[in-house]
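Any value given below was found using the heavy atoms of this structure, including those in side chains, with hydrogens, waters and symmetry copies removed. Both ligands and their constituent atoms are indexed starting at 1 by order of listing.
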Amino acid sequence: MNNRGRFGSRLGVVMASAGSAVGLGNIWRFPTEVGQNGGAAFILVYIVFVLFLALPVMVSEFVIGRSSGTNIVHAFRKLAPAKWWMIIGFMGVLAGFLVLSFYSVVAGWTLKYMVDAVANRISRNDPGQIFNAFVSDTWSPLFYMAIFLLLTHLVVIRGIGGGIERYSKLMMPLLLLIIFILVGCSLSMSGSVDGIRFLLQPDLTKVTPDVILSAMGQAFFSLSVGIGCLATYASYFSKNMNLVGSAVHVCTIDTLVAIMSGFIIFPAVFSVEGVSVDAGAGLVFITLPHVFSSAFSHMPLLGYIFSTLFYLLLLLAALTSSISMHEICTAYVSEHYKLTRKRAATLVTLAYLVLGTACSLSFGPWKDYTLAGMTVFDWFDFATAMFIMPIGGIFISLFAGWVLERKLLTDELTNNGTLKMRGLKVLVFLIRWVAPIGVGMVFLDQVVKLIEN
Ligand code: PFF
């Protein structure tokens, strides 16, 4: 019917979409946010947002993607009565460029730490200073970032079935296996009781407006929603795929992985004296190396295995997400400019190299080039997680709920009435009212605060 490619199986769809969702956001960003925002209370708010805001937006993306069968910009052109809806598609492509640009920098660090872990070179002395020296260097982080982008490129040029689906089906089970091993390992450490308590005993006094905002940003980022990434994947779904069931699977896997990452990191962190849980972005690159060397000082082999597996896990997670961001842009460039996938992907990768370089240098030679106190890296992160994703989320759910014909929406959700769905009315209500209003309120609150400061 067309030569865009297609996912071959239900498993492929769930693995690829969960692969997009599960990423640095789960294993690096989630524990960082949990550590800084009060532990269990943050997790509770996060789960509420996943259920009531991010899940409906994800279902909306699936509907828009599959019913249009094209990239996110053309999807709005095809389905929307008014031209301006295409802006939402363009915002998605732009965000696809911005997110992967800063993401590939952190993924590059991960690659370097994995190489060091395999070579048993993770330093025991002063990991903070070593990390800072590495990221502020000019060439070394650029080198690792470029290798990471090349790996992403090599998967994307192979297309949907032979590239994204095939590698997701390979990498995701491996990733889940590693998580289980590491959780087991971490729970057997001396700090496990404190770690578990931190993750499971909510102190509701810690739920401040800032915590709420961070939890929403995190939910959107972690589930890859709001920028048309999952709509792009859904444009390769077959007509008999169960959209709602797949979305529920993806949300469940993503949330479990995030929480399990907490179960890997916090018991380990609580096992070493003098290490704080709110170490911020350095948690997995500074705190953990210190934890690995202290907690396993009498069992170096176990420490070696734990750290190697951990950075491999982080790398696999980053890769399955980066291919999905690359695909938003590759699908658009190839379909809009009528280029082969290989050519389009090459242009997109080159653009990432340029933008990623700017992000990487903002830890070193360009760290003083700031606007409102933020570097290029900070701006890309801030603009996407705090602005483009929520705005995209609002408009995507409004579009699916109000602009698409009601019959088209329910036909997509039930595969033309062949799927029996309990809760259909509730889901449509969430898409039409709860998601846009909920996200809009949290977003406006943030804008007001920003203006006041
Ligand atoms: N969800 C990914 C993570 O948690 O790391 C990040 C991400 C992927 C964001 C794809 C946006 C996107 F379109």
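- Annotation for His74: atom NE2 counts as buried by contact number, over 12 foreign heavy atoms lying within 6.0 Å.
- Contacts between Met389 and ligand 1, counted as non-hydrogen atom pairs separated by less than 4.0 Å, involve the side chain only.
- Distance from atom 4 (O) of ligand 1 to its nearest protein heavy atom, with residue and atom name: Ala21 O, 2.9 Å.
- Ionic pairing of Glu412 and Lys239 is present here: one or more N-O contacts between side-chain nitrogen and carboxylate oxygen are shorter than 4.0 angstrom.
- At a threshold of 4.0 Å, the pair Arg158-Glu165 does not count as salt-bridged, since none of the basic side-chain nitrogens sits closer than that to a carboxylate oxygen.
- With respect to atom 8 (C) of ligand 1, the closest heavy atom belonging to the protein is Ser224 OG, 3.3 Å.
- In this structure, Tyr103 has a heavy atom closer than 4.0 Å to ligand 1.
- Between Val99 and ligand 1, a contact under 3.5 Å exists for no N or O pair.
- Of the protein's non-hydrogen atoms, the one nearest atom 9 (C) of ligand 1 is Phe221 O, 3.6 Å.
- Take Ser307 and apply the side chain to side chain donor-acceptor pair (under 3.5 Å) test, not counting sequence neighbours, and it matches no residue.
- Residue Arg343 qualifies as open at atom CZ: its count of foreign heavy atoms under 6.0 Å is 12 or below.
- Side chains of Asp210 and Thr208: no donor on one and acceptor on the other come within 3.5 Å.
- If you look at Tyr233 and Phe62, their ring centroids are not closer than 6.0 Å.
- Checking only distances, Met325 never comes within under 3.5 Å of ligand 1, N or O to N or O.
- For ligand 1, the atoms lying closer than 4.0 Å to a non-hydrogen atom of Ile227 are 11 (C), 12 (C), 13 (F).
- Taking every heavy atom of Ser324 and a limit of under 4.0 angstrom, the matching atoms of ligand 1 come to 10 (C).
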